[in-house]
Amino acid sequence: MSSEPWAQRSRREATPSASNPNFPGRSGSRGYNELMLDRYEPKQFEEAWRKRWEDADLFRTREEEGRPKFYGLDFFPYPSGAGLSVGHCRNYIPTDVLCRMKFMQGYNVLHPMGFDAFGLPAENEAIKRKSHPAPMIDQYAATYKRQMDLVGISYDWSRSFKSCEPSYYRWTQWIFELLYKKGLAYRKNAEVNWCPKDKTALANEEVVGGLCERCGTPVEKKAIPQWYFKITDYAQRLLDDLDDIDWPEGIKAMQRNWIGRSEGVQFRMRVVFDPGTPSLDSDDRAGSGEGESELEALKREVAAETFADPDAEARINEIKGKLDAASMEVHSSDLGELPGFDSAKEKIDMAMARANIEKSGRSFDLDDFEVVKNPDGLTFEVFTTRIDTIYGVTFAVLAPEHPMVDQIIAEHQRNGDQRATIDAVQAYREKVKRETETERTAEGREKTGVFTGSYAVNPANGRRVPIWIADYVLMGYGTGAIMAVPAGDQRDFEFAVQFGIPVAPIQEPDEDWLAANRSADLQSTGTDGVVPSQALQRYLQDPKLFKAAFISKDKPLINAGEQTGMKFEEASKSLGEWIEACGLGQRKVQYRLRDWLISRQRYWGCPIPVCYGKDGEMMLIPENQLPVELPDVESYEPSDDGSSPLSRIQDFVNCTTPEGTLGRRETDTMGGFACSSWYFLRFCDPHNDDKAWDPKRVEHWMPVDTYVGGAEHAVMHLLYARFWTKVLFDAGLVPVKEPFQRLRNQGQVLGYTPYRKPHPGETLDVGEDGILISREEAAALPEGEVFWKWVRMSKSKGNVVTPEEAVDAFGADALRLFELFVAPFDADVEWTNDGMNGTARFLGRVFKLVSELAPNYDPTWRSKIPDAADEVRRATHKTIQRATDDIERFAFNTYVSALMEFLNELNDLRRKGPDASSPSWSEALETLVLLLAPGAPHSADELWSSLGKEGFTYHASWPLSDPKLAKDDVLTVAVQVNGKLRDTVTLPADASKELMETEALASGKVQAHLEGLTVRKVIVIPGKLVNIVAN
RNA sequence: GCCCGGGUGGCGGAAUGGUAGACGCAGCGGACUUAAAAUCCGUUGACCGCAAGGUCGUGAGGGUUCGAGUCCCUCCCUGGGCACCA
């Protein structure tokens, strides 16, 4: 392969139009193009047509009553200084094709473009250039627009805006206030990476090896107040409504993943300090020995339903008596009056459940069903998705930051013992505090943790288990504490192995698993040949002889009390109900999704419209005082105390509160995702000064019918925008629950990029296997030193092909068609320019054919054309069908091939049948040009005018296919013998099954293959094939 | 580890369970040209065969079916996302 994309750059020169003297062109007075081109000469007409489109204001949005609407939208781009590459065009061109077709089909089309202008990239670049971001962004956006225009994208620029304009962000602030009033925006302390020397918050990237990148000081976590949006309130709806939208399944899966719903049980565990509670090591298991009590017997009796309802009261009293007798502190007026539990069985279950808890030393207040904290005791909550495995708990783990850790320490201190333990716990907490997120989640890292000197009571069997703290339990998820089941959870298993904690088997693994997971130890001691039953015995003795936890939902439980023999589903239900019944906890849905951190301590963002009174009370800036404008200042570099640069601008900070008192403004700004969470609504009514939008306009246009952009925004932007839309829907401000009905992700465009091997001593960046070099460097190095890779086109990689280059060398339409044709829309593309030769050639052949047939073109063909189809008409109507379907279903590559095939067929037919003057040819010619129009609009308009048409193809009607005309009258039928193709026969399209069978059997080739065989069956698929089954 | 994609000629790719390789690139042969470029025509999955024709062939192996690139199971490779989320 050529290592240089431009090596094969066309050497075609912009020679003056070589018009065919035989076809002098139209004689009309309209002066667009006096010469008819017989080949694709983009420089002769493309720019001129773009000018005409602009002069005619062709793409201004039409909002006519009675027409269907179509809203086609591309992702809101941040205009970078690098400008667009042909990679970006892979997004804009297909959307443009769809929108152009929709308009020609009679839709009101909204196809806008604007710019996401706030944010860190812009700010950082402006700081570097010592300029202000606003004019810089203006300039970049202008470049984007020029480039988009250059490739002929049909945007309605009259609706364009930038998110940094006060007339826009005024309404971003207005939506912020709406969220605030609904309780969906709040401020709370959050942990950030903090350098105590520089007194600044650091981004994750600024922390290297736990040290501040600049001064080498160990970085700490520090809580500073941050603004959040409460997206977690919408977690379930964000999950559910994914079912109703037409998005790539991959993106939906990523969102589901991100939201991370899990169903489980959250329950309390009691903390004990003295080792008096029965421990795991004591051999009196529930259901045996001591547990084989009268109560257990009674319970079995209940379960067996050996007593009837009429006697319930008496039996309950009996149980009460026995409970009392067993010194269990049940203080209830009457078990029979418990609300919500009707049957005797339920009541007795309740009593039994409590008895179980009582045994483990807990006391109850039956009046409110809550477990009352033992005055001397502590409890903490754990969340688990595998409550069925609760009998396998052998330890509990608290996140190091868990507040219970403080209480445990305090308890130790009160007792004046466990000095060493306290020190170890404190030291571990300090260590974890210094760790960065990256370190803490580093791959393949050993489990660490410290025993707290206290125990938790497993309510299922009353056993105490040690409580550890370990950083593999995260404070931010669930309750920050877990019940650890090493037999059924890989992380817990690793931890148990690491610290010599027992592993209690909960299931019997299958033989394959036992064989595959025997540890080296087992093998080296000569037990390699153990028979399966022995392997199982060994496992049951000590699961730690094996390499991993056995995780299954399909195996019956062992050693699980009443739940023994049940599988995941049944046991979870049973234990969940039990835990709820005894007020220990409840079944719960947990989400991984966290609230959306919106605060940025930076200048270049939308100000948060809040101020504080003298006592710090928070107040919204009244709506009629919005926007809170960003002050226009010279210096806006981040301050060194970690607060926003805005906090140093007195004129901004000092303000009058809505109450008329002196106040202080909020100086955080909003992250850029706020701006892009509603811009699609503003496009419906972009210049409204009174409202964010007129509801009527939004009602007309929303939802976005087709939304096109890269998959990299799968969870951020696309989730936030859905969230805001739902909030606005709930407020009655928009009529849709979901903003983007159909989403499509274009594939990436990759450029061929040179790298060299690292020199000795050089280090590589993470994820890189070579050092990026320029093409010049690559050319200078000996061949063996350089290797080439396909990586995403970007200016920093130096592998960009710009639209300017491509248009200059091949023409805008050739570029457009190539981008469509090169691969399926969603596939990545390894960009070379060879392909543009192909699409340019194709356009050349179109020009040639049209110029040759134009003299015979009859604009009045419609009134002259016969009903009957001929080959030309059939090809025409088939192509209309294909092109229309292909564009609709985002198969742009086959849309272009359909046009190519159509052209080839017309060329063939033209050579075959010389009657170029039939109306069918006029129809074909016109159709070809119109079908070409969305993909190659410049050429289509040029050809259109060369046929003597006024105006633009954009205003012409999209051709309609007549299915009758698209149908073949003769078909080639495949004939198979035993599924293998042996012959084809040509038959009328309406041939009967019988005729097909007869003709197939009559084929000589088929007969040859049937020799010596008996025909058993003949399968006939009308119009398609005949399969003769014989043996 | 988990969750999504994707593996089809030299290359990009096409193919509602029904003739695998459309369309294009590159290659080869030819026409035009003093020549080249451009353009046009033909040809191009592999193997066997003079030909007619045959055999094989969609990452690997099984299965369902009259018939599988397409559906099911197992596995391999590859791109992406998530990842100590209980």
Side-chain angles (χ1 to χ4, degrees), chain A residues 1-2 8 10-13 15 38-39 248-254 256-258 260 262 264 266 382-386 389 397 440-445 447 470-474 476-485 488-492 494-495 548 590-594 711-712 714-715 745 747-748 817-818 821-824 826-830 832-839 841-842 844-845 848 891 893-894 896-904 907 911 972-984 1005 1008 1016-1021 1023-1030:
Chain A
M1 145 162 355
S2 155
Q8 310 217 14
S10 164
R11 253 153 275 151
R12 184 193 298 117
E13 290 181 18
T15 50
D38 64 352
R39 52 182 168 158
E249 282 307 317
I251 300 287
K252 287 195 194 183
M254 279 162 76
R256 288 192 184 105
N257 234 316
W258 192 259
S262 50
Q266 186 170 319
V382 298
F383 175 76
T384 178
T385 54
R386 291 296 302 269
T389 66
V397 186
R440 193 164 160 174
T441 58
E443 204 174 337
R445 132 177 226 275
K447 293 275 183 295
D471 65 358
Y472 84 93
V473 172
L474 310 173
Y477 184 76
T479 61
I482 60 160
M483 62 172 220
V485 184
D489 183 284
Q490 186 58 29
R491 297 154 302 182
D492 298 344
E494 286 165 17
F495 195 82
Q590 194 68 247
Y591 300 92
R592 209 185 67 114
L593 182 70
R594 312 288 165 83
E712 66 274 11
V715 283
N745 301 123
Q748 297 179 27
L817 290 184
F818 179 60
F821 180 67
V822 63
D826 55 0
D828 287 353
V829 172
E830 296 173 354
T832 59
N833 293 307
D834 301 346
M836 278 189 288
N837 274 323
T839 49
R841 257 200 301 260
F842 161 68
R845 291 201 301 276
K848 181 150 184 275
N893 55 335
T894 52
V896 177
S897 11
L899 294 182
M900 288 173 167
E901 283 179 64
F902 184 38
L903 181 79
N904 292 347
N907 272 326
R911 268 196 295 275
T972 307
V973 172
V975 185
Q976 299 179 334
V977 177
N978 289 330
K980 282 191 178 168
L981 181 72
R982 294 304 177 189
D983 197 8
T984 57
K1005 290 177 189 168
R1016 300 291 173 191
K1017 196 175 176 183
V1018 179
I1019 287 135
V1020 182
I1021 310 296
K1024 280 280 180 189
L1025 64 65
V1026 179
N1027 187 13
I1028 298 155
V1029 184

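What you see below is based on every heavy atom in this structure, not just the backbone, and it leaves out hydrogens, waters and symmetry mates. Below, chain A is the first sequence line, B the second, and so on; all start at residue 1.
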So if I take every side-chain heavy atom of [X] and compare against [options], which nucleotide ends up nearest?
X	options	result
A/Val473	B/U55, B/A86, B/C40	B/A86
A/Arg841	B/C23, B/C25, B/G13	B/C25
A/Pro824	B/A26, B/C3, B/G13	B/G13
A/Arg845	B/A15, B/C40, B/A86	B/C40
A/Lys447	B/G81, B/C25, B/C84	B/C84
A/Lys1005	B/U55, B/C23, B/G53	B/G53
A/Asn837	B/G24, B/A86, B/A26	B/A26
A/Asn893	B/A14, B/C23, B/G18	B/A14
A/Leu1025	B/C25, B/U19, B/G13	B/U19
A/Lys980	B/A86, B/C56, B/U19	B/C56

How far does the [atom1] atom of [N] sit from the matching atom of [M], given to the nearest Å?
N	M	atom1	answer
B/G79	B/G30	C1'	43 Å
B/G27	B/C11	P	15 Å
B/G53	B/U58	P	24 Å

With B for base contact, S for sugar-phosphate-only contact and - for none (protein heavy atoms under 4.0 Å), nucleotides 46-51 of chain B reads ------

What contact category does A/Asp492 fall into here, base, sugar-phosphate, or nothing, at under 4.0 angstrom with non-hydrogen atoms?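 Counting heavy atoms under 4.0 Å across all strands, no contact is made by A/Asp492.
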
Starting at [atom1] of [X] and ending at [atom2] of [N], how long is that distance when rounded to a whole Å?
X	N	atom1	atom2	value
A/Glu712	B/C82	CD	P	12 Å
A/Phe842	B/U39	CZ	C1'	17 Å
A/Asn257	B/G1	CG	C1'	13 Å

Please tell me which of A/Met900 and A/Arg982 maps to the more 5' nucleotide of RNA chain B, matching each residue to the nucleotide holding its nearest heavy atom.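 Comparing both residues, the 5'-ward one is A/Met900.
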
Assuming nearest nucleotide by heavy-atom distance, tell me which of A/Lys848 and A/Ala253 is located more 5' along RNA chain B.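 With A/Lys848 and A/Ala253 compared, the 5'-side residue is A/Ala253.
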
A/Asn893 (side chain) donor-acceptor with A/Val822 (main chain) under 3.5 angstrom: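 Not a single qualifying donor-acceptor pair exists.
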
Are any protein N/O atoms closer than 3.5 Å to N/O atoms in nucleotides 27-33 of chain B? If there are, list each pair with its distance.
none

Interatomic distance, A/Gln748 atom CD to A/Asp828 atom CG [nearest 0.5 angstrom]: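 Between atom CD of A/Gln748 and atom CG of A/Asp828 there are 5.0 Å.
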
Just verifying a value: how many Å separate A/Asp492 CG and A/Tyr472 OH, rounded to the nearest 0.5 Å?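 The distance works out to 3.5 Å.
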
Let's go through A/Leu1025 and A/Gln976 carefully: what are the C-alpha distance in whole Å and the side-chain angles of both, what is the deciding distance for side chain to side chain contact (heavy atoms under 4.5 Å, CB included) to 0.1 Å, and is it a yes or a no? CA-CA 7 Å; A/Leu1025 64 65; A/Gln976 299 179 334; 3.9 Å; yes

In dot-bracket, 5' to 3', how would RNA chain B read with Watson-Crick or G-U wobble pairs under 3.5 Å, [ ] for crossing ones and | for pairs to another strand? (((((((..(((.....[....))).(((((.......))))).((((....))))..(((((..]....))))))))))))....

Using 30° and 60° as the class limits, which term best fits the ring planes of A/Phe383 and A/Tyr477: parallel, tilted or perpendicular?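 Correct class here is perpendicular.
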
Taking salt bridge (Lys or Arg N to Asp or Glu O under 4.0 Å) as the definition, give me every residue that meets it alongside A/Lys1005, ordered by chain and number, with sequence neighbours left out.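 With sequence neighbours excluded, A/Lys1005 shows a salt bridge (Lys or Arg N to Asp or Glu O under 4.0 Å) to A/Asp983, given in chain and number order.
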
Excluding sequence neighbours, so at least two apart, what forms salt bridge (Lys or Arg N to Asp or Glu O under 4.0 Å) with A/Arg386?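 With neighbours one apart ignored, the set is A/Asp388.
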
Could you go through nucleotides 64-71 of chain B and list every protein N or O atom that sits under 3.5 Å from one of its N or O atoms, giving the distance for each pair?
from: B/C66; atom 1: O2'; to: A/Asn1027; atom 2: ND2; distance (Å): 3.4
from: B/C66; atom 1: O2; to: A/Asn1027; atom 2: ND2; distance (Å): 2.6

Nearest non-hydrogen partners of A/Asn257 and A/Arg592, listed with the distance: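 Between these two residues, the closest heavy atoms are O-NE, 3.5 Å.
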
Would you mind reporting whether A/Thr984 and A/Val973 have side-chain heavy atoms less than 4.5 Å apart?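 In short, these two side chains do not touch, never coming nearer than 4.5 Å.
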
